[in-house]
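One structure below.
Computed from a predicted structure; not experimentally measured. Naming convention: chains lettered A, B, ... in sequence-line order (proteins, then strands); numbering from 1 in each chain.
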Number of protein chains: 6
Amino acid sequence: MTSSTDQIVRADGRATDQLRPVKITRGWLDEAEGSVLVEFGRTRVLCVASFTEGVPRWRKGSGEGWVTAEYAMLPRATNERSQRESVKGKIGGRTHEISRLIGRSLRAVVDMSALGENSIVLDCDVLQADGGTRTAAITGAYVALADAIAWGRRHGHIKGGKQVLADSVAAVSVGIIDGTPMLDLPYVEDVRAETDMNVVVTGGGKFIEVQGTAEHAPFDRAELDALLDLAVGGTAELTKIQQEALAQEL
Amino acid sequence: MTSSTDQIVRADGRATDQLRPVKITRGWLDEAEGSVLVEFGRTRVLCVASFTEGVPRWRKGSGEGWVTAEYAMLPRATNERSQRESVKGKIGGRTHEISRLIGRSLRAVVDMSALGENSIVLDCDVLQADGGTRTAAITGAYVALADAIAWGRRHGHIKGGKQVLADSVAAVSVGIIDGTPMLDLPYVEDVRAETDMNVVVTGGGKFIEVQGTAEHAPFDRAELDALLDLAVGGTAELTKIQQEALAQEL
Amino acid sequence: MTSSTDQIVRADGRATDQLRPVKITRGWLDEAEGSVLVEFGRTRVLCVASFTEGVPRWRKGSGEGWVTAEYAMLPRATNERSQRESVKGKIGGRTHEISRLIGRSLRAVVDMSALGENSIVLDCDVLQADGGTRTAAITGAYVALADAIAWGRRHGHIKGGKQVLADSVAAVSVGIIDGTPMLDLPYVEDVRAETDMNVVVTGGGKFIEVQGTAEHAPFDRAELDALLDLAVGGTAELTKIQQEALAQEL
Amino acid sequence: MTSSTDQIVRADGRATDQLRPVKITRGWLDEAEGSVLVEFGRTRVLCVASFTEGVPRWRKGSGEGWVTAEYAMLPRATNERSQRESVKGKIGGRTHEISRLIGRSLRAVVDMSALGENSIVLDCDVLQADGGTRTAAITGAYVALADAIAWGRRHGHIKGGKQVLADSVAAVSVGIIDGTPMLDLPYVEDVRAETDMNVVVTGGGKFIEVQGTAEHAPFDRAELDALLDLAVGGTAELTKIQQEALAQEL
Amino acid sequence: MTSSTDQIVRADGRATDQLRPVKITRGWLDEAEGSVLVEFGRTRVLCVASFTEGVPRWRKGSGEGWVTAEYAMLPRATNERSQRESVKGKIGGRTHEISRLIGRSLRAVVDMSALGENSIVLDCDVLQADGGTRTAAITGAYVALADAIAWGRRHGHIKGGKQVLADSVAAVSVGIIDGTPMLDLPYVEDVRAETDMNVVVTGGGKFIEVQGTAEHAPFDRAELDALLDLAVGGTAELTKIQQEALAQEL
Amino acid sequence: MTSSTDQIVRADGRATDQLRPVKITRGWLDEAEGSVLVEFGRTRVLCVASFTEGVPRWRKGSGEGWVTAEYAMLPRATNERSQRESVKGKIGGRTHEISRLIGRSLRAVVDMSALGENSIVLDCDVLQADGGTRTAAITGAYVALADAIAWGRRHGHIKGGKQVLADSVAAVSVGIIDGTPMLDLPYVEDVRAETDMNVVVTGGGKFIEVQGTAEHAPFDRAELDALLDLAVGGTAELTKIQQEALAQEL
């Protein structure tokens, strides 16, 4: 692990602990209860929250709501066109894995009994992919979720004074490239990373998910610690950007 | 059929022979060979053209290229969220039908031997649906196709001086509502139409596809003629908008 | 467009505005409520109408019935054996498209409230294909539908004195071959057609569906008109053949 | 087991050891290399043999041919309409089982090296089902197979003087109803049978398949013997009917 | 058929009428209501019986229970790894066929009204395959079924004093190899067999299923008789082994 | 977080940092190149390594091998029977996720160029599930992989003197229950855990995967550290058990 990471300059000119330009556009669609276009550099994900009254059968009568997510990529989001999963007739392992991750991450900050027997589905569709699509999706989906919950309260579907969202949630990727820990990897860095980690953190700075993978070389405790430090710093910044976006008039 | 259609005012204030505001944004993605966001009012379709050298196996050695299209809707493009076809594990009849229509419409203006053994796939993904998604898709896909062909020529994949595009192509929906033929139906008009027709027309004013359906009442020859007149007028305007879009520097 | 079409002789000796020999055999199966073997030359389609009490869930309590259709080909209906869609595990786009067309065409002449909460499924299975299978299917399915409705009335499932069938429906293909508009294309003509149109017409001469496709060359308004004239003439004849078939004792 | 089975009269008036009226119509389609409509009473199966040069990849270079079969039912072949397997997206266990049985039965009489590297697919589609569809299918498929082999020889695809068919093959169902062994069960008898057996026999009287199932009561050796006797008698008759059909000019 | 079969020595040293070493281990899992590891030589099948209250919808209110079975192979049960059916996305014909056979065989000895409205699913998963997997599965599944029924009675789900199991059931494969009938074929014999038969027999010596197939040469009545004799002898021995296994304390 | 975790006694009597009894049985099948039954308490996973010469098409000519894994559960591995994924016709998200995790974990210690163009598939089938099935699978699969590599070398498929395995790999689950970090969770603890982490560690003590999930409450850095300490201790012990198993004569 290189110690003086602050002198290293990345291909796009960023410092090792610097996020790409992040942009969150709320109300991107006309009808959806929450809809956000989130951009981490060139990565662009449309996060749409659909609010419906009622819950899946297995949860009926529980008094609790349900939040779930589906992640997908448009066929030409990537540099080479990939076949549609609808055409293949099945959803791939990677898609499943990310959908589940997004769902878990959002549910971790939702008070299901405060939500009541309502359901919110988050559709995260990657329009353009340049690394970090799952972390952008989580970060954007949180804002869409907040908008959908506000909509549910405005329309009387969420009752009672209880806070539905216990905290906010944001996510970022970190990785070790040529021995140097770096924040928020675009595609060119991602494929070269020895170790790759996605970290989901609450607004309060606690961890929801830590998923570290040794792509090319096992990593030690010191490297793990450095990556976690970078991630905690990056998500704190993302939390601020989310708050600013939500502070604006829709 | 009501004769004095010019006095009728539609819910959105348009004349019966007036298009919704149409907007074509080229280069909407960073990497794709052609990418267009087309808007017919609230209907928004992302049309992406992917150019690859080579053709499907059944066409190898023919000296001819291939153009095909896939149409899909994001789950919350519509007012109520619909299940993803990838999750269902199969593509529905409507999706198949529209994908085939777009592909046929574009192939009708492509000189396959001028294209040479190259393939272009048009992905038309509906981001927001408010009626006329298939006609918007064709209209936008033509522009993305033109950009991808220009790209192919610039990069030396298309050889020879022959024109690849014999003509341009645009499409519009028309229908009879309460006895009045109308141009470019948004969703609220579409569901009320007695007869519904999608017409695909070349820049030169010839027909590529005429698909008329009596949704609620069979139609006679006079009504058919009135609808075709409206469609020919509407597509002439769309042709101009396409030309203007293509005239700009990308 | 060649003007003196009457002197042109087709491969099978027909005039350009002449149907192939058409044969409708009712009661082809022993148990089905309506079953018709329809032949347009060598094209042979078995159209079976299954009548059941009750309607799909989404229509319950509406007081209205439902009519739907499924089209399929036996694997060796065509000259080269094709793989079964059951073996492929999915239904192709063409099959979907034709099934939907048949269903729409029949529903256009059915008074759903007169039918009451009963369902009729039309299975159109192509036993031998020589062009025009979808138009033969519609033409035969109408007769099977009429028999199934009569059965439903005889057995007391259809109540009240209201007419269920508002009109009859027949369909024919037309196309332009070497510049000449022709009626009812067999396979050898179909593959050569510049333009190909399927027209569904009521007994009263009104249009239910007009689906014209430029297979090789866009068509102008005069060609469109000539094709429609041919189709209207052809379907009038088919209507007579349907009436004669239905006039016989079953 | 009742001993005096000769006095028992069945619902359709047959003796216990009597076949239903059997009819074999060759050349039922215009193009297929072999096509037979076989009828066992009301049971009607279309058996079509498709001859193609070449064999599946795993058999290439072996000098041997391949014969396989696919069985299916039209949705309204049965008294109640059943869902298409293409719509379900998968083939059921019963369909698989019968397709495999037909294939094995036919392969048992084919000399694959005499056939040479050619393939024959037998499509057995049940148009109307009244019990015994699999045995009718085998019996008819043999005749279609013989016609396809003759076609292959006539067209020079089968070379050398060696006999391709070592023997003929026919099949019949037998069962015990109210203690009485009976031949060739229609649907009403089939559902009541305590034991049900399908027997496939060569023209020379040897067994290819014996599939006996105790539907309601286990059977003993004497019952098994009585059923086999009936089956051997029935298939001998079917062999004659096949020979007569094949003796006629096509 | 060779007459003096007693002098023939098989590759594994067995006499022609001798079973492989058979081992039945009850209670192989900790939680299942019945779980048996059955071994026929190297063939190892885990048979697990799952007891649940209630029956499938179509059987509700009948007062009768339901027993069904599913057979599968682990991918490396065979000598060459085969692809998982879950990965292929569909179940093959052979799997379907064997699952159905096991289910039928067990249902033949169950008194469904004595079982009451309870369901038992038998999962037979082949851990290692060396011929005879379906017959081992039936033989082992019977023991697991007996344990699950005892469990159901112990826990008060099966009421009344009526016997649920009318008899026991066991199965064995037999075949003719080089003209000699042999009992219980391992894989090396199975692939060489001219004729191959699976026989399912009750404890009382009656037949439930007889499935004989001429793999390479049709067989005559004398051969069929010799095979049945071997099978009846083999299943009588298996019945004893089942009884001994069930006599032990679990 | 409770500090004095050493006094806490778990339901099964273990200390908080104690593994369940772990048992590794090599050579559990007769034919597979590597086959291991691994038991973590009641959790039992059969890990089978299949060695084949050659690599998937996309890797041909690279000189490098390939290692992949498939994870599955028998239907009654869990306390309630679950439907087979082969019957559902698709593989669930959890299965996909775990298969990918096992594959990645093993590939991290394999020198693909030393393996040469050979493939090894690891099939991990859970026979009984009581928590920790994925970590048991990784731990057992490593031993099966080592055996398969030894087999490949013995049979001359792996050439050259280079070490194929750079290190060993083992995995364990850890979690926080009622505020106390605990090692190797059985099912009853797993469902109660606030945070749940799966950690994959090399024999040399470096991390390959760290997957931590806040099931009920976000976790802080101190908790994360405590969990990692437990995991590193547990996997060190598992490494020893693997070494002992591999030291024995097969």
Any side-chain heavy atom of E/F51 sitting closer than 4.5 Å to one from F/R81?
no
I'd like to verify something: which residue of F/T95, F/D130, F/V87, F/T52 has the highest number of heavy-atom pairs under 4.5 Å with chain E?
F/V87
Within 6.0 angstrom of E/K23 NZ, more than 12 heavy atoms from elsewhere
no
Would you say that F/Q128 contacts E/W28 through its side chain, given a criterion of any heavy-atom pair below 4.5 Å between the two side chains?
no
Give, as side chain, backbone, both or neither, the part of E/L127 having an atom under 4.5 angstrom from any heavy atom of chain F.
both
Going by an N to O cut-off under 4.0 Å, is there a salt bridge joining F/R42 and E/E31?
yes
So, do E/P75 and F/D125 sit near enough that their side-chain heavy atoms are less than 4.5 Å apart?
yes
E/V121, part contacting chain F, at a heavy-atom distance under 4.5 Å:
side chain
For the residue pair E/R84 and F/D123, establish whether any side-chain heavy-atom pair is separated by less than 4.5 Å.
yes
With chain F, which of E/A72, E/A32, E/S86 has the greatest number of heavy-atom pairs at distances under 4.5 Å?
E/S86
Between E/Q83 and chain F, with a heavy-atom cut-off of 4.5 Å, which part of the residue counts as in contact: side chain, backbone, both or neither?
neither
Rounded to the nearest 0.5 Å, what separation is found between the CG atom of F/L74 and the CG atom of E/L74?
6.0 Å
Can a salt bridge be assigned to the pair F/R76 and E/E70 using a cut-off of 4.0 Å between side-chain N and carboxylate O?
no
Could you check whether any side-chain heavy atom of F/D30 comes within less than 4.5 Å of a side-chain heavy atom of E/R44, counting everything from C-beta outward?
yes
How about CZ on E/R57, more than 12 heavy atoms from neighbouring residues, nucleotides or ligands closer than 6.0 Å, or not?
no
Segment of E/A49 engaging chain F (4.5 angstrom heavy-atom cut-off):
backbone
